[in-house]
Amino acid sequence: MEAQYLAGKLAKGFLRTNNIDSNSRLCMASAASGYKLSLGADGPPGSYQDIDRLDCALVIGANMAECHPILFLRLMDRKKRGAKIIVVDPRRTATADKADLFLPIKPGTDLALLNGLLHLLEQAGHTDEQFVSQSTEGWAELKAMLPEYPPERVARLTGLREEDLRRAAQWIGEAPEFSTFWTMGLNQSTHGTWQTNAICNLHLAAGKICRPGSGPFSLTGQPNAMGGREVGYLSHTLPGQRSVSDAADRAAVEQIWGVPPGSIQPKPGPDAVEMFQKIEAGQVQVVWIIGTNPVASMPNRSRVIAALQRAEYVIVQDAFHPTETTRYADLLLPGALWAEAEGTMVNSERGVTLMPRAVAPPGDARADWQIIAQVAQHLGFGGHFNYASASEVFDEIRQTWNAKTGYDLRGMDYPKLRVASRQWPMPPDAERGDAIRYVNPARTTAGAARITFPTPSGKARFFARPFLPPAEQPDAQFPFILTNGRVEHQWHTLTKTGKVARLNKLNPGAFLQIHPLDADQLGVLQGGLVRVASRRGFAIYPAQVTDRVRPGECFAPIHWNDQYGENLCVNATTTEARDEISLQPEFKFSAVALTRVAAAVPDDFSSEQKNILLRHLAQFRPGSPAQLEGAPFTASQREFIRHLLAQPES
Ligand SMILES: Nc1nc2c(c(=O)[nH]1)N[C@H]1C(S)=C(S)[C@@H](COP(=O)(O)OP(=O)(O)OC[C@H]3O[C@@H](n4cnc5c(=O)[nH]c(N)nc54)[C@H](O)[C@@H]3O)O[C@H]1N2
Ligand SMILES: Nc1nc2c(c(=O)[nH]1)N[C@H]1C(S)=C(S)[C@@H](COP(=O)(O)OP(=O)(O)OC[C@H]3O[C@@H](n4cnc5c(=O)[nH]c(N)nc54)[C@H](O)[C@@H]3O)O[C@H]1N2
Ligand SMILES: [Mo]
């Protein structure tokens, strides 16, 4: 968190530019903007311990079993005690395997589902009128929209069965305590903010929020994605859950930073996608990339590459080299990894953890916050970046507490964090943080609102959010829908997990999940190469033929990129279309064409390799390409063999 804070301070306070954007734009931006609109402030109102109290969980657009496995185990413990788990995903994931009810939704239609569920709840009288009248506003407008979402229509839009919709609504309505968990399946959408609003609508209407076991819980992505949001590292935010477009917020931060009034620019800077568009257009000449690998992780990566080639000077501050992005760097700055330097991280439930330094950083590497502070000193801002330790940076962050949103770290410091993690809000002298936000202990008497939301009226807001389709629709030229995501044992662009042999054994390589009917049509067998092309670019993957995806849809993991072979990057195909409010890209939905690829025969087989190959071919059964793992073949030979196995007669 300290490095993110200092990067923002240097850019927005001293370089006086909001040309700084961050990981959250690709990850949590839609949850952040949705929370802010619905509840008045970013961050979930509840905590992980809600899992131990819930009676029904809606897991939507999240593959918890693979991406949040520890929390998922906690949820499974609760399931053993009778809680009902509903999973909504276009793919039958490992998470779906454990569901009591699995809803295999048509991609991009979750808003229709969420509105339809609320409609059924309302019809069945499962709304909480007292809560709605005391603690919310906008119910009449939302209620007026709901009749547009009768089960028959919702079933048609989402591809789900009417009886399943009714069952889900019944479970949600009858559960004393109900929580929703969501991640990238909803956030990475042109309607991501609206989907967060629609989830909040459900909880507010049912009155199932801000009490143990109930609430809309957005699962955070990166270990410190929440901390980054809080210290204001997006192009429109400032530390302490503040906004550059708010005069009082700017003044408060200018005072903490000791810069003259008017230093912070009121106009939000470009979002990550627009930033690369500007670099490509020559409007930004120098780029400093810290702890992210945009050549692999940004949508429509051909633009990112063009931009980095056009830029006059590219600085990449990373813990590893080479990566897909360091290839384009003019200057490398070696950042220390989390275990090599002291610093704090904030998790999904607002828990602040101090990561102690376990080993010394190698070579010239040093903590990211130190590198940023040293650059600031060289730029002549020395007095303002003169920290002896990460702890001193943290103490400055504590000053950015915000009475409006309840963001408050004043009750914790490094000595306390060395003993145990703490949760905010934690005012000075508090023994511990609040597990549930917005509860007003002074107003528990009958008739008074027990919950006060950080909005001007103190009430949460309903938003009527109609269903709209994704930006790009399949057509005759690009008839398939490509979605993408993660696998259990790999992390993002593999700079870390890709170096661990045991993890590579568990998740060895890229693949494309396609339905058997589609594979038949394409003439592709298990392991055969498929070219996935969108309007923007293409990638080539070995097919994983499986009915875990629906016909017409396919899925590729995001992890394997240029360091692992050519044409592996899924973001060659993805779209720059963004949510209008959060500006988060619609990673999860592109229209693509699929074609079978004929692989070239590599001419470098040794006689030993030929023998192994012949033995494998003799034993070959369709669907068993895993037999090849461990054999001493090069990547291009493997590709050829996979292709061969897809066509054993040739
Ligand atoms: N093992 C592992 N764990 C991780 C990470 C990792 O790289 N590896 N990364 C971390 C980070 S930063 C993040 S953000 C999280 C991401 O965690 P998740 O969001 O759970 O992971 P994803 O696989 O990106 O996407 C989740 C699911 O969304 C589904 N989906 C696609 N389109 C739709 C749709 O239209 N509607 C619905 N309902 N679902 C849809 C996909 O099929 C996929 O199963 O994971 C974190 N945890
Ligand atoms: N198609 C598609 N694209 C996606 C997504 C998707 O679901 N689909 N998900 C999006 C999401 S949610 C996320 S979170 C992003 C992830 O995208 P990235 O953040 O770009 O992915 P990482 O591999 O985590 O990259 C982090 C980089 O920082 C480096 N690094 C690691 N630790 C340190 C450190 O301590 N200091 C420094 N200086 N460097 C360090 C790593 O070596 C790596 O190069 O991808 C986004 N892109
Ligand atoms: Mo993420």
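Note: hydrogens, waters and symmetry copies are ignored here, and every other heavy atom, side chains too, is used. When a ligand or atom number is given, it counts from 1 through the structure's own listing order.
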- [ ] Please test Thr483 against Glu553 for side-chain hydrogen bond (donor to acceptor under 3.5 Å, both in side chains), starting from the C-alpha separation and ending with a verdict.
- [x] CA-CA 8 Å; Thr483 193; Glu553 295 165 17; over 6 Å; no
Task: Gln490 backbone acceptor or donor facing Thr497 side chain under 3.5 Å - done: no
Task: Check: Ile558 main-chain N/O paired with Asn561 side-chain donor or acceptor under 3.5 Å - done: yes
Where ligand 1 meets [X] - atom numbers and elements under 4.0 angstrom, heavy-atom basis:
X: Thr93; result: 44 (O)
X: Glu488; result: 1 (N)
X: Glu66; result: 1 (N), 2 (C), 3 (N)
X: Gly108; result: 34 (C), 35 (O)

Is there at least one pair of N or O atoms, one from [X] and one from ligand 1, spaced under 3.5 Å apart?
X: Leu186; value: no
X: Lys106; value: no
X: Val487; value: yes
X: Pro90; value: no

Task: By ring pair (Phe, Tyr, Trp, His ring centres under 6.0 Å) - contacts of Tyr48 (at least two apart) - done: Phe217
Task: Distance under 6.0 Å and angle within 45° of ring axis: Arg229 vs Tyr233 - done: no
Task: Cation-pi, Phe320 ring and Lys496 (6.0 angstrom, 45 degrees) - done: no
TODO: Classify the ring geometry between Phe385 and Tyr387 as parallel (under 30°), tilted (30 to 60°) or perpendicular (over 60°).
DONE: perpendicular
Task: Side-chain donor-acceptor contact under 3.5 Å, Asn187 with Ser189 - done: no
Open item on the list: According to side chain to side chain donor-acceptor pair (under 3.5 Å), who are the partners of His236, at least two apart in sequence or on a separate chain?
Closed with: Arg25
Open item on the list: For Asn63, which part has a heavy atom under 4.0 Å from ligand 1: side chain, backbone, both, or neither?
Closed with: both
Open item on the list: So if I only count non-hydrogen atoms and take anything under 4.0 Å from ligand 2, which residues does that give, chain by chain?
Closed with: Asn23, Leu26, Cys27, Met184, Gln188, Gln222, Gly291, Thr292, Asn293, Ser297, Gln317, Asp318, Ala319, Phe320, Thr323, Ala336, Leu337, Asp368, Asn484, Arg486, Trp491, His492, Thr493, Thr495, Lys496, Ile558, Val570, Asn571, Thr574, Phe587, Lys588
Open item on the list: Taking salt bridge (Lys or Arg N to Asp or Glu O under 4.0 Å) as the cut-off, I'd like each qualifying pair that reaches into residues 534-549, sequence neighbours left out, listed once.
Closed with: Arg92-Asp547, Asp97-Arg548, Glu472-Arg535, Glu472-Arg536, Asp475-Arg535
